[in-house]
Amino acid sequence: MPARPPLSSLPRTLTRWFLTSARELPWRTNLNAPADHRRDPYRTLVSELMLQQTQVSRVIDKFNDFLTAFPTPASLAAAPESRILALWSGLGYYRRAKLLYAAAKAILRDHDGRIPDTVEELLTLPGIGPYTAGAIASLAYGKPVPIVDGNIARVLFRIHGRDATHADPRDMKWAWDQAAQLVNSAAHAKVAVGGVGVGDLNEALMELGATICTPTSPRCNCCPIRSHCIANATARQHQIPRPKRPITRRELFCDTVLARSPDDKLLIEHRPSTGMWANLWQAPTLEDPTAAKPATRCRLEHWLNLKPLTLIERFTHQTTHRTVHFTIWKAARPTPTSAHQSPTRQWATREQISELALSNPQRRILLELSR
DNA sequence: AAGCCGTGGGT
DNA sequence: TACCCAAGGCT
């Protein structure tokens, strides 16, 4: 077996691979610019928030729409929150939209509309934790700071052949230390002579994890740093990292009523500002956390003061922590009377509804099942 | 500090 | 199919 090359040569090998084979993504704008101006900080901020726990393929269209609507931090900070949430529809983890909005306001108020360039300042902004702060500082500003996300942790565990898991804080601490060592060696070696910066090393590590060093079936034969990798040398790439312990999903029953008025409007209501799908809109939904089965027709008719109701569809919707059983009911020719009104309930056209913030199941209910 | 927060790609 | 888990952060 050939000896592994010194780890000090890894940053150069990796960044060279990255600069020649990186995917073209809308937030990677100036790959030919100097290393500390390669990315626009605002585009980096928005993309990093959208990319938290979310795959690249899910983000691209949302990112483009979002930047068309809010091209600058000032335009974002000045927008109504409802519009921001609407543009986030379908992305999931909707709290991120609210936090990004709060961050934009703080950037206008405390930083003169400029995205901060230090980890310390970035960490004070809502929605920005250790990973995102380091990502903005290094990717957008070329600062020599480490970052560790799920990808980079996996890559580092495998390179070093460490029997580790993302769930163990000690393993993650170790990964941050390793990432810092790599960044320091790259900064000292002044990889930047060729216009390559520490940001490129960080992004290269992520790109490798996302495209080559994937969780299951890594493509080791395409890997530019295969010769550095202990997991590959010992054929343990499939065992590293160890799987997280499985989560148990709670069941939730949602009974949703589709009510269409004679003038072709649908009844909608606003969800509370906490919990799942916070602040999103939905067709009136009875959600009983203690129920083990759908509500009875009688209870629903009484609840909304609408009858008769007919059952038109059932489906389940999975989230990370829940299995949501939807039962969809249709109200026969309701008239928009005060009986159905409440502070959070109103009638709206399909066109209006299509512009609102909706969860994916409610989008299906209100815009597809209602046809 | 463990649970919570969405959705769909990949296998 | 069912299950893992993704450019995490907040409470």
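Sequence lines set the chain letters: A, B, ... in the order given, protein chains first and strands last, and positions in each chain run from 1. Just so it is clear, the model here is predicted, and its values are computed rather than measured.
- Relative to the side chain of Trp277(A), the nucleotides dC5(C), dG6(B), dA7(C) differ in distance, and dG6(B) lies closest.
- Contact annotation: side chain of Thr320(A) to base of dT7(B), donor-acceptor pair present below 3.5 Å.
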Grab the N/O contacts between the protein and nucleotides 9-11 of chain B below 3.5 Å, and write none if there aren't any.
{"from": "dG9(B)", "atom 1": "O4'", "to": "Gln55(A)", "atom 2": "OE1", "distance (Å)": "2.9"}

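- Across the protein-nucleic acid pair, Gln318(A) atom CD and dC3(C) atom P stand 9 Å apart, rounded to whole Å.
- For Arg114(A) and Glu121(A), the salt-bridge test fails: no basic side-chain N is under 4.0 Å from an acidic carboxylate O.
- Across the protein-nucleic acid pair, His317(A) atom NE2 and dG6(B) atom P stand 9 Å apart, rounded to whole Å.
- Applying a 4.0 Å cut-off to non-hydrogen atoms, the residues of residues 115-132 of chain A that approach DNA chain C are Pro126(A), Gly127(A), Ile128(A), Gly129(A), Pro130(A), Tyr131(A), Thr132(A), listed by residue number.
- A sub-4.0 Å separation between OP1 or OP2 of dA6(C) and a side-chain N or O of Gln53(A) is absent.
- For His321(A), no side-chain nitrogen or oxygen approaches OP1 or OP2 of dC5(B) to under 4.0 Å.
- Partner of Arg226(A) under the side chain to side chain contact (heavy atoms under 4.5 Å, CB included) criterion, out of Cys222(A), Cys223(A), Pro224(A): Cys223(A) alone.
- Every residue two or more places apart in sequence or in another chain that forms a salt bridge (Lys or Arg N to Asp or Glu O under 4.0 Å) with Lys173(A) is listed here: Asp177(A).
- Non-hydrogen atoms lying under 4.0 Å from DNA chain C are contributed by Asp149(A), Gly150(A), Asn151(A), Arg154(A), all within residues 144-158 of chain A.
- Atom-to-atom, CG of Asn279(A) to P of dG6(B) comes out at 11 Å; the value is rounded to the nearest Å.
- Among the protein residues, Pro241(A) comes within range of no part of the nucleic acid, since none of its heavy atoms lies under 4.0 Å from any strand.
- Glu313(A) and Lys330(A) are not joined by a salt bridge, as no carboxylate oxygen comes within less than 4.0 angstrom of a charged side-chain nitrogen.
- Contacts between residues 164-176 of chain A and DNA chain C, defined by a heavy-atom separation below 4.0 Å, involve no residue at all.
- Below 30°, between 30° and 60°, or above 60°: for Phe63(A) and Trp27(A) the angle between ring planes is above 60°, a perpendicular geometry.
- Close to dG6(B), at under 4.0 Å from its OP1 or OP2, lies no side-chain N or O of Asn360(A).
- Between Gln52(A) atom CD and dC5(B) atom P there is a gap of 17 Å when expressed in whole angstrom units.
- The separation between Glu48(A) atom CD and dG8(C) atom P is 8 Å, rounded to whole Å.
- For the pair Lys244(A) and dA6(C), the criterion of a side-chain N or O lying under 4.0 Å from OP1 or OP2 is met.
- Against DNA chain C, the stretch residues 80-107 of chain A makes heavy-atom approaches under 4.0 Å through Arg95(A), Leu99(A).
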